[in-house]
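Read through the structure below, which is laid out as structure tokens, and then see the notes.
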Amino acid sequence: MIIENRDALLKERELAQKEIDSFDCRILVCAGTGCVASGSEKIYERMKELCQETPGVSVEFQKDVPHIGAVKTGCQGICELGPLVRIEPLHYQYVKVTEEDCMEIFQRTVLNHEPVEHLFYKKGGESYASPDEIPFIAKQTRIVLENCGKFDAESLDEYIASGGYDALTKALFDMTPEDVLEEIDKSKLRGRGGGGFPAGRKWKQVAAHKEEPVHYIVCNGDEGDPGAFMDGSVMEGDPYRLIEGMTIGAYATACHDGYIYVRAEYPLSVARLRKAIRQAEDKGLLGDNILGSGFSFHLHINRGAGAFVCGEGSALTASIEGDRGMPRVKPPRTVDHGLWAKPTVLNNVETFANVPGIILKGADWFRTIGTEGSPGTKTFSITGAIENTGLIEVPMGTTLREIIYDIGGGIKGGGDFKAIQIGGPSGGCLTKEHLDVGLDFDNVKKYNAIMGSGGLVVMDENTCMVEVARFFMSFTQRESCGKCVPCREGTKRMLEILERIVNGEGKLEDLDTLEELASMVKNMALCGLGKSAPLPVISTLKTFRKEYEEHILEHKCAAKSCTAMRKYIINPEFCKGCGKCAKNCPVGAISGVRKQAYHINPDVCIKCDACRENCAFDAVYVEY
């Protein structure tokens with residue numbers, strides 16, 4: 001049934017909330033990508049079976065006897081502890097749930113409302129029953145991720161029950177497009193895709209094209225940074241918030257068609273967005289004459305092929321148009337000459353997901369969070385050598401120390417923090433001396449880094465920073481579109497030098513050449529991705545130059561990471577002369593006589609580790 005006006009939306013909310021309240025107990029199974037990979041789909045199916053097998057009980061979608069519901073939610077953020085199962089209204093959070101645990105949860109908690117304590121999160125002798133008590137969650141400030149994990153990610157009714165579409169209703173009936181533009185501008189919301197450009201200013205520039213009747217609004221859901229999954233989690237876990245934010249943006253900027261550009265590696269995001277768009281259209285919340293307001297907006301999904309460069313605005317719009325995704329020279333900018341040469345609003349998922357809250361609660365509320373220059377919150381994905389990997393949302397200006405130690409639980413295995421890569425392959429490294437630096441758009445630039453979309457890769461003392469620079473340069477060089485010479489050739493030359501260094505073939509003058517090339521690419525590349533490509537090299541050279549020099553001068557990798565720096569040696573005291581190592585050496589680098597100690601020729605050895613793996617007497621060791 002179509003929701004024809006504001007009153008009909010309120011009635012729909014009452015019905016949806018009544019439906020939710022009718023359930024005695026709801027089983028919320030995390031179906032974010034991380035938990036799905038850990039087996040949550042099987043847990044959901046098992047819970048559904050238990051509901052169907054129990055007299056007087058049905059799963060939610062059947063709606064026959066609404067006593068117990070089993071639904072899939074979006075990502076709850078604490079990916080390290082998945083699969084996750086939440087029980088409402090008891091507010092129990094179970095972690096690392098297996099299929100074998102389902103029966104116990106169902107019988108004890110679902111039917112009898114008793115806790116299964118051994119499935120609660122435990123740390124430092126403490127047991128945490130509620131998700132909000134878990135330190136990883138408790139120390140966050142969730143705006144964009146507010147709904148993720150709390151209800152059925154695919155249900156429009158449940159989104160409406162949570163207050164969804166109140167912001168759109170306010171915008172359509174209580175505000176003019178100019179009012180919306182002023183509120184977004186006043187909030188100082190900055191684009192969360194990496195550049196941090198003020199969203200209000202961008203929207204106003206598009207709206208100012210009064211002479212052009214056709215405008216477009218585009219959401220960048222490409223998210224190509226390795227280790228980043230913030231936007232994907234929002235699209236999976238709360239797709240209607242994104243859609244509502246885009247619809248408000250479309251109303252403010254006179255756009256009647258919009259596109260969500262999603263990378264092909266996000267099939268779950270695509271599936272849930274398609275379902276969300278279809279449900280919103282069926283309810284009259286998308287399409288023609290939305291809520292009887294006279295405003296029409298149609299939303300489409302475009303799947304990208306996974307090219308990193310398509311995260312850049314002009315390359316992204318070219319890809320939507322069916323052309324090869326390659327940046328173009330600017331100006332003109334996307335706000336003047338974007339999709340199909342029309343004025344275009346282009347923001348990422350997180351930016352649009354912030355819009356409903358700003359419209360509903362006001363710009364002044366938004367500016368009470370974060371810093372003066374970067375208000376609001378920022379979502380980050382934390383991966384690498386950290387105890388609690390997952391998805392977080394914290395106020396802008398939160399320090400690395402708070403993120404790594406208070407929320408992330410510290411370095412995995414109690415190791416020493418060495419550095420953190422921020423901003424993905426186009427970002428830079430921050431180190432111990434930056435632990436108390438507040439993360440916002442302006443602060444990180446001071447240290448040759450960028451916020452990027454929000455990927456954080458934590459590294460401990462076992463990480464080789466030269467190899468880190470080589471890895472990210474390999475990625476950016478491979479993903480270069482090849483249009484401009486500085487990026488196409490400069491990144492290739494830089495990668496060749498880095499590969500020589502990690503292979504023990506570098507020269508001291510290579511470091512000067514690296515710096516010159518990095519400066520050239522940064523200043524002369526065509527697009528923002530090219531200009532930021534050398535940042536990992538610039539930041540690691542500045543902070544960890546000694547490691548580069550050790551690789552070159554001493555052929556030594558202090559982190560014991562670079563394979564080329566290894567030297568395989570057979571300890572004659574342990575060697576029994578069995579010859580097994582020689583038999584398994586693929587290049588014949590090992591020689592000797594049976595029952596006497598064997599010898600490895602370092603000039604022939606390819607460091608494949610086969611000798612050490614096959615030695616039964618631990619006679620083979622590695623020297624760095």
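- Checked by atom type and distance alone, the side chain of E393 pairs as donor or acceptor with a backbone atom of V144 at under 3.5 Å.
- A salt bridge does not link E387 with K123: none of the charged nitrogens is closer than 4.0 Å to a carboxylate oxygen.
- Salt-bridge formation is detected for the pair K186/D364: a Lys NZ or Arg NE/NH1/NH2 atom is positioned less than 4.0 Å from an Asp or Glu carboxylate oxygen.
- Taking the side chain as every heavy atom from C-beta outward, I87 and I27 approach each other to under 4.5 Å.
- D442 has a carboxylate O that lies under 4.0 Å from a charged side-chain N of R190, or vice versa, which qualifies the two as a salt bridge.
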Donor-acceptor contacts under 3.5 Å from residues 110-121 side chains, at least two apart:
| unit_1 | atom_1 | unit_2 | atom_2 | d |
| --- | --- | --- | --- | --- |
| N112 | ND2 | Q107 | O | 2.8 |
| H118 | NE2 | E104 | OE1 | 3.0 |

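- A 6.0 Å sphere centred on CD of E4 holds no more than 12 heavy atoms belonging to other residues, nucleotides or ligands.
- In summary, the side chains of N348 and T351 do present a donor paired with an acceptor at a separation below 3.5 Å, with no hydrogens or angles considered.
- Ion pair E281/R278 not flagged as a salt bridge, since none of the NZ, NE, NH1 or NH2 atoms sits closer than 4.0 Å to an Asp/Glu carboxylate oxygen.
- Side-chain contact check for S319 and Y261: at least one donor-acceptor pair (N or O, by modelled atom type) lies under 3.5 Å.
- Considering every non-hydrogen atom in both I217 and G249, the closest pair reads CD1-C, 3.7 Å.
- Y259 places none of its side-chain heavy atoms less than 4.5 Å from the side chain of T317.
- The structure places CZ of R272 at 14.5 Å from CD1 of I277, a figure rounded to the nearest 0.5 Å.
- Here the side chains of I143 and N354 are in contact, with some heavy-atom distance below 4.5 Å.
- In terms of heavy-atom proximity, R13 sits nearest to I160 at NE-O, 2.6 Å.
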Step by step, work out the side chain to side chain contact (heavy atoms under 4.5 Å, CB included) result for D282 and L156.
-> CA-CA 10 Å; D282 291 343; L156 175 57; over 6 Å; no
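- Between the side chain of N220 and the main chain of G311, a donor-acceptor pair closer than 3.5 Å is present.
- In this structure a side-chain-to-backbone donor-acceptor pair under 3.5 Å is missing from S374 to T371.
- Using a distance-only test at 3.5 Å, with no hydrogens or angles considered, no donor-acceptor pair links the side chain of S40 to the main chain of I43.
- For D157 (side chain) and A16 (main-chain N/O), no donor-acceptor pair under 3.5 Å exists by modelled atom type.
- Pairing each heavy atom of A171 with each of V180, the nearest pair is CB-CG2, 4.0 Å.
- For the atom pair CG of L268 and SG of C75, the computed distance is 10.5 Å after rounding to the nearest 0.5 Å.
- The distance from the OG atom of S269 to the CE atom of M235 is 4.0 Å, given to the nearest 0.5 Å.
- Judged by distance alone, the side chains of T109 and Y94 do bring a donor and an acceptor atom under 3.5 Å apart.
- Note that CG of L189 is 11.5 Å distant from CD of E183, once rounded to the nearest 0.5 Å.
- Each of E236, E41, E154, E158 was checked for a salt bridge (charged side-chain N to carboxylate O under 4.0 Å, His left out) with K72, and the lone residue meeting it is E41.
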Which is it for R192 and T379 under the side chain to side chain contact (heavy atoms under 4.5 Å, CB included) test, yes or no, and what are the steps along the way?
-> CA-CA 9 Å; R192 290 335 195 222; T379 61; over 6 Å; no
Could you walk me through whether E45 and K48 pass the salt bridge (charged side-chain N to carboxylate O under 4.0 Å, His left out) test, one step at a time?
-> CA-CA 5 Å; E45 292 299 327; K48 191 168 67 170; 3.3 Å; yes
Apply side chain to side chain contact (heavy atoms under 4.5 Å, CB included) to the pair Q93 and Q76, showing each step before the final yes or no.
-> CA-CA 10 Å; Q93 178 73 70; Q76 296 178 22; 3.0 Å; yes
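- Contact detail for K170 and L360: the closest heavy-atom pair is NZ-O, 3.5 Å.
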Side chain to side chain contact (heavy atoms under 4.5 Å, CB included) evaluation trace for M47 with I105 | CA-CA 9 Å; M47 288 297 189; I105 293 172; 3.7 Å; yes
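- Counting only heavy atoms from C-beta outward, the side chains of I359 and I184 approach each other to under 4.5 Å.
- Judged by distance alone, with hydrogens and angles left aside, the side-chain atoms of E244 form a donor-acceptor pair with the main-chain N or O of Y165 at under 3.5 Å.
- Using a 4.5 Å cut-off on side-chain heavy atoms (C-beta onward), E223 and Y266 make contact.
- Within the 4.5 Å cutoff, the side chain of F308 has heavy atoms near those of the P425 side chain.
- Counted within 6.0 Å of NZ on K122, heavy atoms from surrounding residues, nucleotides or ligands total more than 12; the atom is thus considered enclosed.
- Test L291, T169, L10, I290 against I3 for side-chain contact (heavy atoms from CB on, under 4.5 Å) and you get one pass: L291.
- Rounding to the nearest 0.5 Å places CD1 of I137 at 5.0 Å from CD1 of I78.
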Indicate every side-chain donor-acceptor pair of residues 294-301 with a distance under 3.5 Å to a residue at least two apart or in another chain.
| unit_1 | atom_1 | unit_2 | atom_2 | d |
| --- | --- | --- | --- | --- |
| S296 | OG | N289 | N | 3.0 |
| H298 | NE2 | D288 | OD1 | 2.9 |
| H300 | NE2 | D257 | OD1 | 2.9 |

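- Screening I420, V458, L391, I404 for a side-chain contact (heavy atoms from CB on, under 4.5 Å) involving I382 leaves a single residue, V458.
- Summarising the geometry of F380 relative to M230, their closest heavy-atom pair is C-CG, 3.8 Å, with the distance given to 0.1 Å.
- Counting heavy atoms from C-beta outward, P375 and M396 have side chains that stay 4.5 Å or more apart.
- Among all heavy-atom pairs drawn from C51 and F106, the shortest one is SG-CE1, 3.8 Å.
- Two residues are said to be in side-chain contact when any heavy atoms from C-beta on lie closer than 4.5 Å; R86 and T73 fail this criterion.
- Atoms SG and CD, from C102 and E49 in turn, are 9.0 Å apart once rounded to the nearest 0.5 Å.
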